[in-house]
Amino acid sequence: MSAPELAAPQAVATAHPGDLVNAVASVDATFLLIFGISAALLLLITTAMVYFVIRYNRKRHPIPADFSSNLWAEIVWTVLPTLLVMGMFWSGWHSFRALRDAPADALEIQVMARMWSWDFEYPGGKHSGTLVVPVGRPVKLSLTSKDVIHGFFAPAFRLKIDTVPGMTSHAWFRADKEGEYVIFCSVYCGLQHARMLSAIKAVSQEEYDRFLAENPASTGPSGKAVMDAKGCLGCHSLDGTESVGPTLKGVFGSTGVFVVPGAKDKSEKKLVLDEAGLKQVIMEQRTWRVKGFEPIMPGYADQLTPEELNQIIDFLKNGEKADSTGGATATATPEQGRDLAEAQGCLGCHSADGSELVGPSFKGLMGKPSTAKDKAVVDRAFVQAILKDPAARLGRPSSMPAFPDLTEVQRQQLLLYLESLGAHGGHQ
Ligand code: HEC
Ligand code: HEC
Ligand SMILES: [Cu+2]
């Protein structure tokens, strides 16, 4: 990654005649104007002062002149400063408007600040920790904060805006040159404030499109559509409520407890509902049934194509936001986990290299005794629990936030990532 540069983006062409002034140029012009006037006044006043000190010292001028008023002097020193101040105000107002009024065709991106990282959400629902934008296109930011007040500061675009919890503020900019521009947090927001860095990455439109497509957030929940069409949703909810059948929310990766209804043998059979398990449950004409439910679910062997089955499993696994482009089931990888840890802000508090930030480093964390009250070893179950409710798992309040909205697949990605950083005392 090349070092973020602070240079002003060049105005290559005014692709948007609507934004009369380029905001960056306008802010700079105001700055120069105010600086110029101040410098001129400083020079003028200092020169006059030195001149008067020499010209009118007591030796040369033993008897002071005595006069009570001078109409012209009063007019000049009232009117001139007023004009100067009004000129500065007019220029400032002009650039303020240029900074405020986003062009109507601007690309809208949601910005969420939190301790101690940035989250950018693009149209369509994709998230990232660095702000990727197409070059030449105006970008409108809607900014807010999850916890305390932060400040979005992108000097290259002369933007500095507070992000306030419970309030949405707006800003816009346009990168006219490809490159990377640094983002700081400008409001002191706690321990890791100084590390709350990110960047605006201005790329070509094609590269931006590719970036968005990399992990399409929701290109239509085709797995869900299949389930709707095949009637699954008549018996199964997706929101956690039980109906005729158990809810399918969070079913992927869970362990189902099955029995054979009416059989003398009351033994239970446990089945992990992963790809293979789900396939069995959905396709086979089963005698064993989820404990506590009626045996009314039909077998779907002759009703679902392998493609459709894949789409359903894909949906159950990844939810609506997952890739559903071709029924190819996405598998969790440590790299996805790393990206997610960055996007979710974990890496603002946890390092990957063994250094201590606010929280313990992820490096070698798995298998280590935790900081929890019961000193339990950090294993998969521990991480799952701490993500859901840190205070409950740790047995005391903590600055580690809860992540209740992660999907099962996302938690798997994070686990794989943690495991990829090695286990405590483990072999590497
Ligand atoms: C007529 C109602 C009905 C329909 C239609 C139906 N199911 Fe079911 N399903 C059930 C019932 C009842 C159970 C629990 C008893 C059992 O194991 O069959 C169940 C169990 C399941 C389970 C196991 C859940 C768990 O928590 O262990 C899965 C997965 C499942 N169904 C998926 C599907 C899919 C996918 C479809 C559509 C292709 C579908 N079902 C259609 C009624 C239905
Ligand atoms: C605002 C800072 C912050 C963020 C963001 C954060 N954590 Fe933590 N985390 C902590 C702190 C502090 C602890 C130590 C718990 C304590 O002692 O209070 C901790 C503890 C943990 C532990 C247990 C380690 C141990 O030894 O007890 C795990 C695992 C963990 N975090 C994972 C994550 C993951 C995964 C994410 C992102 C999804 C995340 N954290 C986001 C601050 C944070
Ligand atoms: Cu901050």
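Counting convention: from 1, in listed order, for ligands and their atoms alike.
Taking all heavy atoms of M297, E308, R286 into account, the minimum distance to atom 17 (O) of ligand 1 is reached by R286. Taking each of F293, F252, Y300 in turn, the one with a heavy atom nearest to atom 15 (C) of ligand 1 proves to be F293. By heavy-atom distance, the residue among M227, H236, K279, K291 lying nearest atom 31 (N) of ligand 1 is H236.
Applying the side-chain hydrogen bond (donor to acceptor under 3.5 Å, both in side chains) rule to pairs touching residues 249-262 yields nothing, sequence neighbours excluded.
A side-chain donor-acceptor contact under 3.5 Å links Q412 and R380. A donor atom on one side chain and an acceptor atom on the other are found under 3.5 Å apart for S237 and T247. Residues Q384 and R411 bring a donor and an acceptor atom of their side chains to less than 3.5 Å of each other. Using modelled atom types, one finds a donor on one side chain and an acceptor on the other under 3.5 Å when comparing Q413 with Q336.
With a 4.0 Å cut-off on non-hydrogen atoms, L316 does not touch ligand 1 at all. Of all the heavy atoms of R396, the ones lying under 4.0 Å from any atom of ligand 2 belong exclusively to the side chain. Using a 4.0 Å cut-off between heavy atoms, L278 contacts ligand 1 through its side chain alone, with no backbone atom that close. The part of V281 lying near ligand 1 is the side chain, judged by heavy-atom distances below 4.0 Å.
Annotation: cation-pi geometry satisfied between K269 and W288 (NZ/CZ under 6.0 angstrom from ring centroid, within 45° of ring axis).
The atoms of ligand 1 that sit less than 4.0 Å from any heavy atom of E294 are 12 (C), 15 (C). Distances below 4.0 Å separate heavy atoms of I282 from the following atoms of ligand 1: 32 (C), 35 (C). Within ligand 2, counting atoms from 1 as listed, the ones closer than 4.0 Å to a heavy atom of L394 are 15 (C), 16 (C), 18 (O). The atoms of ligand 2 that sit less than 4.0 Å from any heavy atom of S398 are 15 (C), 16 (C), 18 (O). The contact set between ligand 1 and L273, taken as ligand atoms under 4.0 Å from a residue heavy atom, comprises 25 (C), 27 (O). Here is the list of ligand 2 atoms found below 4.0 Å of a heavy atom in F382: 23 (C).
Not a single heavy atom of L340 sits under 4.0 Å from any atom of ligand 2. Using a 4.0 Å heavy-atom cutoff, A341 is absent from the residues neighbouring ligand 2.
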The test is side chain to side chain donor-acceptor pair (under 3.5 Å); show your working for T163 and H150 and say whether it passes. CA-CA 5 Å; T163 66; H150 300 271; 5.5 Å; no
Would V383 and L414 count as a side chain to side chain contact (heavy atoms under 4.5 Å, CB included) if you check the C-alpha gap in whole Å, the side-chain angles of each, and the deciding distance to 0.1 Å? CA-CA 9 Å; V383 176; L414 287 173; 5.8 Å; no
Working note: E419 + L365, criterion side chain to side chain contact (heavy atoms under 4.5 Å, CB included); need CA distance, chi angles, decisive distance, verdict. CA-CA 8 Å; E419 284 167 354; L365 182 63; over 6 Å; no
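A perpendicular orientation is assigned to the rings of F152 and F120, their planes being inclined by more than 60° (bins at 30° and 60°). The aromatic rings of F184 and F153 are tilted relative to each other, their planes meeting at an angle between 30° and 60°.
For the side-chain contact (heavy atoms from CB on, under 4.5 Å) test with Y122, the passing option among I109, V133, L107 is I109; the others fail. Just one residue in the list D28, V24, V27 forms a side-chain contact (heavy atoms from CB on, under 4.5 Å) with S95, and that residue is V27.
For I313 against F252, the heavy-atom pair with the smallest separation is CG2-CE1, 4.1 Å.
Taking distances strictly below 2.8 Å, the protein N/O/S atoms close to atom 8 (Fe) of ligand 2 are H350 NE2, M400 SD.
The protein heavy-atom contact nearest to atom 35 (C) of ligand 2 is L387 CD2, 3.7 Å. Closest protein heavy atom to atom 12 (C) of ligand 2: S399 OG, 3.3 Å. In terms of protein heavy-atom proximity, atom 5 (C) of ligand 2 is nearest to G345 O, 3.4 Å. In this structure, atom 27 (O) of ligand 2 lies nearest to the protein heavy atom T371 OG1, 2.7 Å. From the protein, the heavy atom lying nearest to atom 32 (C) of ligand 2 is F362 CE2, 3.6 Å.
The main-chain N or O of L357 is never found under 3.5 Å from a side-chain atom of S361 such that the two would form a donor-acceptor pair.
At the Cu ion (ligand 3), the angle from ND1 in H150 to SG in C185 is 120° when rounded to 10°.
Counted within 6.0 Å of CZ on R100, heavy atoms from surrounding residues, nucleotides or ligands total 12 or fewer; the atom is thus considered open. Environment of CD in E294: sparse, with no more than 12 heavy atoms of neighbouring residues, nucleotides or ligands closer than 6.0 Å. No more than 12 heavy-atom neighbours from other residues, nucleotides or ligands sit within 6.0 angstrom of CZ on R97.
Checking only distances, G256 never comes within under 3.5 Å of ligand 1, N or O to N or O. Remark: ligand 2 and S370 share no N or O pair separated by less than 3.5 Å (distance only, no angle test). For a threshold of 3.5 Å applied to N or O pairs, the pair formed by R289 and ligand 1 contains at least one separation below that value.
Here M196 meets the criterion, with an N, O or S atom under 2.8 Å of the Cu ion (ligand 3). The distance from the Cu ion (ligand 3) to the nearest N/O/S atom of H193 is not under 2.8 Å.
Taking OG of S26 as the start and CH2 of W93 as the end, the distance is 12.5 Å to the nearest 0.5 Å.
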